[in-house]
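So that the names make sense, note that chain A is the first sequence line, chain B the second, and so on, each numbered from 1. Remember, it's a predicted structure, so these values are computed and weren't measured experimentally.
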Amino acid sequence: MGERFVNAYWRGNTLTAVQHDGDGVSLREMRADHSFFVRAADVRAKPDIVRQFRDSRYCTGIVDEGEWVRVRWRYERPDPNHSPVHVRAARFIEEQYKVPTFEADVSPVRRWVVENGIEVDRPRRCYLDIETDSRVPFSKKSQARILAWVIVGEGDGSDVQAGVLESDDDAAERDLLLALWRALRRYDQVLAWNGDRFDYPIILARSERCGLKGEPRRWLWLDHLLLFRRMNVSAAESGEEKQSMTLDAVARAVLGTGKLDGVTGEQSWELWSTNRGRLLDYCAVDADLMRQIEARTGYIELLQTLCEATHTFPDTFGVQPMGQVETFLMRLGHQRGMHFATRFGFTGVHGFEGAFVMEPTSRGFVRDAHVADFARLYPSIILSWNMSPETYRPDVRLKESDIRPAYLSHLPLKTFPIPDGHCGAALTDCVFVNEPRGILSEALDEMLRLRSHWNKLKASLPPGTAEWKDADRRSSAYKIAANSFYGVVGSPFSRFYVREVAESVAQCGVWLIKETIEAAKGRGINVFYGDTDSLFATGCTREQFVEFVRWCNAELYPRLLKERGCARNEVELAYEKGFDRIVMVTAKRYVGRYSHFKGTAASADSKPEVKGLEWKRGDVSRLTRELQGEVIARLMAGTDPPDPATFVPVIEAWRSRVLDGSLELPDVLISKRLAKPLTEYARRVKKDGSFAAEPPHVRVARLLKARGQDVGEGVKIEYYVVDGEEMTVAPASDWTGNVDRFYVWETMVYPPTERLLAAAYPTTDWRQWERARPPKVRAPKA
DNA sequence: ACCTATCTGATGGCTG
DNA sequence: CAGCCATCAGAT
């Protein structure tokens, strides 16, 4: 085990490592290692290469490391539009001498962590909120004076520090910022809601403006909103908690309480002028809400555990799986004397075939369905086939190439047996060596070993205790990391990206689920749906399904994998759950009532499982979710499915509510994320040369931008559809109640429920309640 | 800047 | 003007 550090950063040729030291930290400066590697054999074959290195005024050393030669460089980047000199040198060697270089693009921090077995220490955490002059629009946010700040430490909420601007001048703001930086000294990690886009850049810009010198990189800046969103996507129950990601909305969803009533950020200047105590209260409530959200969710602690497991520092960048996987794999590679090819930049996208999704074959209610799924499917495939970038044998084919002259196209393609000591991926026919173990499978073995270690420890501890929770979190962290490996190998941005490897993982999954479905059919089991790693079946008893799953594990998969040459079999099917009633709407969209989950019988208050339906979506209006939620509850209630006629009064009541009742903004508000910067939405041109209309949320975003509001990438745009001839949309903030009620019913609210009812009762005509808008009155003929 | 598959709505172009 | 298709965008 290496030494523990809180953080590290580099600039030029200096690397600074941050370590706990009493109540504060000590900074340890060392030389930043900007190296790359070449194979010793390549250098021996082409001695000119060494001469090139020696001649360079930037090369500071050539170190013989057995199989490898490490070439050290002084960091220099004369032109900010170009790569640093050592990366350019690597490219030159590759182009001129056709010799591969390794890891020229690795940052000195990662190199230091990887080569020295550095462990990630637990940072002292605090939650920060600032208030700025509300008269300045978001687009000019760094011109806004900071009016107040509050820092809340971890724990019970009693550790609070605060500052408020004394007077509206630069000297007072400088004092305020000095006090803030002084207060931060006790902490290492700073959480702020939307901090990356607001608090952090403003604090830095204002400090610079005041002439304050310092090194902000000694702290771990972690945007709480970013982390919450990432972690909560998979955890959220209904779409309600996905609709808005403001601190107030999330606090209401998670804690049941929001910000201070009657105060909004838009009043900060007024409050500062009239009631500074209240401004501070407001600011303090926000900072403490973050502390409470963490106490409830544990997302930051989970990230911490994940970062400790992968040797990544827990700041905003540490949230990204690519960095976590990269550090973990490079560390393992270092222990095994491996290096990875230099990445000079983005090499282009080459998509690949993914999972198998079966078109649902059932109509209406399905009773007594059994669901089986593969345990950790993709990790188990990587392990069984020993799939890894370096175990892949692109030179070995199992089939003759289909690229051949046309006059030979009538001949069947020749096939070749899988060579000894190798295994062949299904469908892609890519070949992998069985020995030595690939770095990817070794990493997964390690991840799954650690997961099982913490699971066992957890089982031995009293449930709910701090130790139990810690073991639980560590087990989840290893599961999350293990599941992200496949995605990283499949990402063209990753240094471990090999398209064929990622595709082979997915296609072996396709093959396994298809073989399993065929085997089930052979036993008279009716499979009516399946997606990626699961199959949904009827036509057999629970005992028969248990027996089928047992047989798959004991006989089917061992045989199939042996035929493909696998030296190992980690594939495992499990009987996950039963539904006593399920309605399939389409692929990836269904609602079902559990009979049991992993053998545990469902109780009267077991909630139905909802997948993909609008009720789960954060971008539809509240009325859409509420009507569908009510229908879901009714469909899933009672000992038998209800009569379709019972839904008629429900539909009619909702219809008249939408068309004639009172409607509040939240009822009809639509919320969509800007998935890219506003500038990147290309304006399409119509045939007549004029511009086509842009998507509604983009139109609204352009309007908001003109008003100086935050419309950056990732921001949710809230709007509603205004009553009128064409489809016109307005920002939620412009709400006057003039909503297009016909549009709300015909397009927003009824169709999602109509589709669900049509799926449950295919013979009933549910369209008759759809039309609401009176037909247009034709203009009288002239 | 972890994958692909799928569904849905807005928009525009075309057809009868 | 309804119906169909293609394209883009977003969410899951």
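Near DNA chain B, meaning a heavy atom under 4.0 Å away, the residues from residues 319-333 of chain A are A/Gln320, A/Pro321, A/Met322.
For A/Arg741, the salt bridge (Lys or Arg N to Asp or Glu O under 4.0 Å) test picks out no residue, with sequence neighbours left out. Contacts of A/Phe352 classified as ring-ring contact (aromatic ring centres under 6.0 Å, His included), with partners at least two apart in sequence or in another chain: none. A/Lys616 pairs by the salt bridge (Lys or Arg N to Asp or Glu O under 4.0 Å) definition with nothing, not counting sequence neighbours. Scored by the ring-ring contact (aromatic ring centres under 6.0 Å, His included) test, A/Phe597 finds A/Tyr594 as partners (sequence neighbours excluded). Applying the salt bridge (Lys or Arg N to Asp or Glu O under 4.0 Å) test to A/Arg451 and every residue at least two apart in sequence or in another chain returns nothing. With sequence neighbours excluded, the residues forming a side-chain contact (heavy atoms from CB on, under 4.5 Å) with A/Ala701 are A/Leu674, A/Leu678, A/Val711, A/Ile717, listed by chain and number. Remark: A/Trp511 pairs with no residue by the ring-ring contact (aromatic ring centres under 6.0 Å, His included) rule, at least two apart or across chains. Judged as a ring-ring contact (aromatic ring centres under 6.0 Å, His included), and not counting sequence neighbours, A/Phe328 has no contacts. Residues meeting the side-chain contact (heavy atoms from CB on, under 4.5 Å) test with A/Arg673, sequence neighbours left out: A/Arg229, A/Lys716.
Along DNA chain B, the nucleotide nearest A/Glu353 and the nucleotide nearest A/Lys686 are compared for position; the residue whose nucleotide lies closer to the 5' end is A/Glu353.
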Contact list (N/O, under 3.5 angstrom) for nucleotides 14-16 of chain B vs protein:
from	atom 1	to	atom 2	distance (Å)
B/dC14	OP1	A/Lys687	NZ	2.7

Give me, pair by pair, the N or O atoms of the protein and of nucleotides 8-12 of chain C that are less than 3.5 Å apart, along with how far apart they are.
from	atom 1	to	atom 2	distance (Å)
C/dA9	OP1	A/Lys676	NZ	3.1
C/dG10	OP1	A/Arg673	O	3.3
C/dG10	OP1	A/Ala675	N	3.3
C/dG10	OP1	A/Tyr681	OH	2.4
C/dG10	OP1	A/His697	NE2	2.7
C/dA11	OP1	A/Arg673	N	3.0
C/dA11	O4'	A/Arg617	NH2	2.9
C/dT12	OP1	A/Lys242	NZ	3.4
C/dT12	OP1	A/Lys616	O	3.2
C/dT12	OP1	A/Gly618	N	2.9

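Listed pair A/Arg589 / B/dT8 meets the phosphate criterion, a side-chain N or O lying under 4.0 Å from OP1 or OP2. Contact between the side-chain N/O atoms of A/Arg755 and the OP1/OP2 oxygens of B/dG9 is found at a separation under 4.0 Å.
Between A/Phe579 and A/Phe536, the two ring planes are parallel [angle under 30°; tilted spans 30° to 60°].
Within the nucleic acid shown, A/Glu713 comes within 4.0 Å of sugar-phosphate atoms alone, with no base atom in reach, counting heavy atoms only.
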